[in-house]
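The structure appears right after this line, and notes come after that.
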Amino acid sequence: MANEDKDGYVPSAVEEKWQRLWEERGVNAFTREELENAEDPFYNLMMFPYPSAEGLHVGNIYAFTGADVHGRYHRLRGRTVFEPIGFDAFGIHSENFALKIGSHPMDLIPSNVRNFTRQLRRIGGMFDWNHSVDTTDPTYYRWTQWLFLQLFNAGLAERKEAPVNWCPSCMTVLANEQVIAGECERCSTAVEQRRIAQWFFTITRYAQRLLDNLEHLDWSETTRKAQSNWIGRSTGAQLRFPVVDRDGNATGAEVEVYTTRPDTVFGATYIVLSPEHPLVDKVTNKGMLAPVQAYVDMATRKDLVARQKADRKKTGVSTGGFCRNPATGQLIPIWIADYVLMEYGTGAIMAVPGHDTRDFEFAQAFDLPVVRVVAGPDADADTPLEEAYTGPGRLVNSGEFDGVDVSESVEKVTAWAAENGWGDAKINFRLHDWCISRQRYWGPPIPVVYCDTCGPVGVPEADLPVVLPRVEDFKPDDSGISPLARVEEWYRTTCPNCGAEARRETDVSDTFLDSGWYFIRYPSTDFDDRPFDSAITKKWLPVNTYIGGNEHAVLHLLYSRFLTMVLKDLGHLDFEEPYNVFRAHGLIIADGAKMSKSKGNVIVPDPIIEEFGADTFRTYLMFLGPFEEGGDYRPQGIQGPYGFLHRLWDTVVSAKTGGPDPDVERKVHQTIRQVTEQIPALGYNTAIAAMMECLNVIRAGGREAVRAEVEPLVVMIAPFAPHMAEELWERLGHAGSIFDGANWPEFDEAKAVESSVQVAVQVNGKLRATITVAKDAPEDVVVGAAREEENVIRHLEGLQERRVIHVPGRLVNFVVG
RNA sequence: GCCGAGGUGGCGGAACGGUAGACGCGGCGGCCUCAAAAGCCGCUGUCCGCAAGGGCGUGCGGGUUCGAAUCCCGCCCUCGGCACCA
């Protein structure tokens, strides 16, 4: 669109110009030498996107813009800011989409990446395109495989057959983290159990350290809490119950149980084994073999949805076998039930129906005895139990421990069990080992070779990458093995150890392994002979600020912490926490719901950027609400920031020379203070509001601005509207990019102070007048002035004055009665 | 059930325990225009009142305080996460 007025603001022209100049001048790109020699480095990281075929959505742009504002702010303050972006392009998403449209991920991903790159440039992110990564590029996943080998060689990668979550629709194993309430997180299909040999990273060995470090991290509270819950530390005891024959004689076997309430052991009236428990066969009475077998078959086949429904009726079967309760000496029956999970604790529990709601339900269903061993304030040893009692109280029916308060009973009973050799204190974690095997095509092959004589052998580093071959038939099938297992010429190889015929691992690794270390790679992409350069890594890592979605609170953020710790322990890194600061951004809501295709409330960004420009769109998104809380997207709302940027432009291009008006200058400095405080704290919405207010003062009554009044505003708006700020900066006569050099305005307290203040006058806490007094007027002057207000006089009339409260610069409150 | 974040005008949202509703959207009125758009100016929580002014107002019920959206106690509701974890 032609604009006859050369001084008019035409966003598309300005944005096209500056995107081109940034590119040509390398304003945002680093050379290797620049990275090596950077002064005051600031690593500004945002979660890299999965390059979907649909392109960037508003949620992506919101997150990237918020992170970009942060980076640009620090750059304007003089830091050397490295702000890379890349593509997390392996995984089921891409593979399924390719299958759906009959394409191949190797064709699809590059075109998606091109589209994303175009969009990311268009929104004006300060990205260093010299240091991008694409996880599907062999020059990247070569080092993902290297990373696997580090863990493999350190004994942190274990191959074990395990019951795994199997998605019958995606035809793959899912990590526990990818199972949402018993359903596949991608397709919501009910998940089943299968047993397959898998590679696991033993993250559980790091559970305590992962938990402990959380204390010191400057992270969003919600993220820390989510991670701590996920790790799920619990303290209790492991108790051993001897298995006895029908005459009560010890068989030598014992059932070990984990409990957080060892103090209730006197109330343990039966034992429950998980259906997968190794002792099931041993303890089952001959007469019960058939029903036990039937139950175990049913339970182990049953999908995890039904099995994990907490509100489901309890099922189970008696084994006919017995244990001796080591506390009471009584014989108690052994049952099998699927409410006990093999993956947690020991896979067996002592059931205390009197004081555990699940055990109570089970006891009701199967008519098992319920014994009270804790009495609350209104109960005694004989008070019947209508439901499980889990509150405070003292032990009863517990032998020598009768009367002991539950606050100290756990410790005492555990000590007693330990003295007598049937129990020990024990800490348990909810966290499971990380299954990284995927029986899929679209991922980095796990770099292992199986040799009949040598067993699993890691591929030598010199032979990396193990390149993923182009396979036209990559559709997974029900066999439970990877599509690569159908490509004989690929998997046939020789053992790197002994040279004998051998077979490659045909599983690929989890995408969370790709994304678990990408931030370490970014600064080192200039090196193709090492995963990361130690000097550059020392200079740039750990990350200064990481901004991303809280949906990754327990997956990506935990795995990348774990991998960083491992690399530290193996001597590759000298830090063990990857992100000094993490901030979770909020979600963009449209029509009362999170944007999603299924809800049909997705907003496509491209036409909005087309119409209003990237600067307006960015400013609007940041103006919606507090960045960490998200906001409600309303199409009309963009008019506000649109008009604001236009007025700012008009004001700046027509600004005169000369000294600033003192009142306006005061407002400008108050704004500098506010914006300088709020931007690093991610208070973007209020920072923008402050600038709008400031511009309203500058333009009040149609007055014309002078340069000194508007120049600070041009710099402060730059993180939000970088193109426009560059253009105005140039028009104000500056050479070079506004982002090169510490151009952030200095706040001057002396210029911000008001000479007079408005003081509220209250009578009994109710506002009755407002007076204007000199800033440092003494109390008697202020109170005197307040007392003379007509409306105040009326409200004081005939009443006894008891107190006068004076808050300087704020209010005067007459307390009367 | 557990953990976390919230609940303020018609709407998005502001408010160190100190003038609730900044800023913006929308709405109403006006200026400009042949007209419209854009732009500019003013008004806009609610009720009573011609006005001056007053009453009521931050999910609900109590409390602390000269003063509470803000702090404390007890509830209700919404959103996000976890969930038979012994």
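Computed from a predicted model, the values in this text were never measured in an experiment. In what follows, every chain begins at residue 1, and chains take the letters A, B, ... in the order their sequences are listed.
Within the model, atoms NE2 of A:His806 and CG of A:Asp780 stand 9.5 Å from one another, a figure rounded to the nearest 0.5 Å. For the atom pair A:Ile271 CD1 and A:Leu279 CG, the distance stands at 11.0 Å (nearest 0.5 Å). Going from atom CD1 of A:Ile336 over to atom CG of A:Asp338 covers 11.0 Å, rounded to the nearest 0.5 Å.
Comparing the P positions of B:rU78 and B:rC73 gives a spacing of 23 Å, expressed to the nearest Å. Using P as the reference atom, B:rG63 and B:rU8 are 25 Å apart when rounded to the nearest Å. The gap from the C1' atom of B:rG13 to that of B:rC23 amounts to 8 Å, rounded to the nearest Å. Across B:rU44 and B:rC34, the matching P atoms stand 32 Å from one another, rounded to whole Å. On the P atoms, B:rC75 is 43 Å away from B:rG26, given to the nearest whole Å. The gap from the C1' atom of B:rC60 to that of B:rC76 amounts to 7 Å, rounded to the nearest Å. Going from the P atom of B:rC47 to that of B:rG57 covers 15 Å, rounded to whole Å. On the C1' atoms, B:rG9 is 14 Å away from B:rA22, given to the nearest whole Å.
For the salt bridge (Lys or Arg N to Asp or Glu O under 4.0 Å) criterion with A:Glu754, the lone passing option out of A:Arg666, A:Lys667, A:Lys775 is A:Arg666.
Judged by distance alone, with hydrogens and angles left aside, the side-chain atoms of A:Asn550 form no donor-acceptor pair with the main-chain N or O of A:Ala553 at under 3.5 Å.
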Can A:Val757 and A:Thr772 be said to form a side chain to side chain contact (heavy atoms under 4.5 Å, CB included), step by step? CA-CA 6 Å; A:Val757 284; A:Thr772 303; over 6 Å; no

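Remark: B:rA14 base-pairs with no nucleotide in the shown strands. Criterion, Watson-Crick or G-U wobble with two distances under 3.5 Å. Across every strand in view, B:rC43 sits in a pair with B:rG27 that passes the Watson-Crick or G-U test at under 3.5 angstrom. When Watson-Crick and G-U wobble pairs are counted only if both distances are under 3.5 Å, B:rC75 pairs with B:rG59. The partner of B:rC84 cannot be assigned: no Watson-Crick or G-U wobble pair with both contacts below 3.5 Å exists in any strand. With both pairing distances under 3.5 Å, B:rC50 is matched to nothing as a Watson-Crick or G-U wobble pair. Partner assigned to B:rU33 is none, using Watson-Crick or G-U wobble distances below 3.5 angstrom.
Of the candidates B:rA86, B:rG26, B:rC84, the closest approach to any side-chain atom of A:Gln636 belongs to B:rG26. Of the candidates B:rA86, B:rU19, B:rC84, the closest approach to any side-chain atom of A:Asp356 belongs to B:rA86. Distances were taken from every side-chain heavy atom of A:Leu767 (C-beta onward) to each of B:rU19, B:rC40, B:rA86; the shortest belongs to B:rU19.
Using a cutoff of 4.0 Å between basic side-chain nitrogens and carboxylate oxygens, A:Arg583 and A:Asp218 are scored as salt-bridged. A salt bridge between A:Asp424 and A:Arg240 is present, with a side-chain N of the basic residue lying under 4.0 Å from a carboxylate O of the acidic one. For A:Glu749 and A:Arg673, the salt-bridge test passes: some basic side-chain N is under 4.0 Å from an acidic carboxylate O. Using a cutoff of 4.0 Å between basic side-chain nitrogens and carboxylate oxygens, A:Glu789 and A:Arg794 are not scored as salt-bridged.
Two residues, A:Gly701 and A:Gly345, neighbour RNA chain B, and the one matched to the more 5' nucleotide by heavy-atom proximity is A:Gly701. Comparing A:Thr259 and A:Met692 by the nucleotide of RNA chain B that holds the closest heavy atom to each, the one mapping nearer the 5' end is A:Met692.
Between A:Trp335 and A:Phe362, the ring planes lie perpendicular to each other; the angle is over 60°, past the 30° to 60° tilted range.
For A:Arg430 and B:rA86, the shortest distance from a side-chain N or O to OP1 or OP2 is not below 4.0 Å. A close approach under 4.0 Å does occur between a side-chain nitrogen or oxygen of A:His795 and OP1 or OP2 of B:rG54. Within the structure, every side-chain polar atom (N or O) of A:Tyr258 is placed at least 4.0 Å from both OP1 and OP2 of B:rA86. In this structure, A:Lys766 does not reach the B:rA20 phosphate: none of its side-chain N or O atoms is under 4.0 Å from OP1 or OP2.
In this entry the distance linking CG of A:Leu273 with C1' of B:rC84 reads 16 Å, nearest Å. As a whole-Å value, the separation of A:Arg647 CZ from B:rC41 C1' is 13 Å. Taking atom CD1 of residue A:Ile231 and atom P of nucleotide B:rC2, one finds them 22 Å apart after rounding to whole Å. Here the C1' atom of nucleotide B:rG4 and the CH2 atom of A:Trp230 are 16 Å apart, to the nearest Å. Protein atom CD of A:Gln639 is 14 Å distant from nucleotide atom P of B:rG24, rounded to whole Å. Whole-Å rounding puts the A:Asn550 CG to B:rG4 P distance at 13 Å. Rounded to whole Å, the distance from CG on A:Leu587 to P on B:rG4 is 19 Å. Following rounding to the nearest Å, A:Lys225 (NZ) and B:rG4 (P) show an atom-to-atom distance of 5 Å.
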In B/S/- notation, 5' to 3', how is nucleotides 67-75 of chain B contacted by protein heavy atoms closer than 4.0 Å? ---------

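Closest approach of A:Arg787 to A:Ile793, counting heavy atoms only: O-CG1, 3.3 Å. Considering all non-hydrogen atoms of both residues, A:Asp632 and A:Leu624 come closest at O-CD2, 3.2 Å.
A glycosidic torsion no more than 90° from 0 defines the syn conformation, and B:rG9 adopts it.
Taking the ring axis of A:Trp434 as reference, the NZ or CZ atom of A:Arg205 does not stay both within 45° of it and closer than 6.0 Å to the ring centre.
Counting non-hydrogen atoms under 4.0 angstrom, A:Arg768 reaches the backbone sugars and phosphates but no base.
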Quick one: which protein N/O atoms are closer than 3.5 Å to N/O atoms of nucleotides 11-17 of chain B? Pair and distance per line, please.
residue : atom : partner  : partner atom : Å
B:rG12  : O4'  : A:Arg634 : NE           : 3.4
B:rG12  : O4'  : A:Arg634 : NH2          : 3.4
B:rG12  : O2'  : A:Leu624 : O            : 2.9
B:rG13  : O3'  : A:Asn685 : ND2          : 3.3
B:rA14  : OP1  : A:Asn685 : ND2          : 2.9

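Of all the residues in residues 785-794 of chain A, A:Asn791, A:Arg794 reach under 4.0 Å from RNA chain B with at least one non-hydrogen atom.
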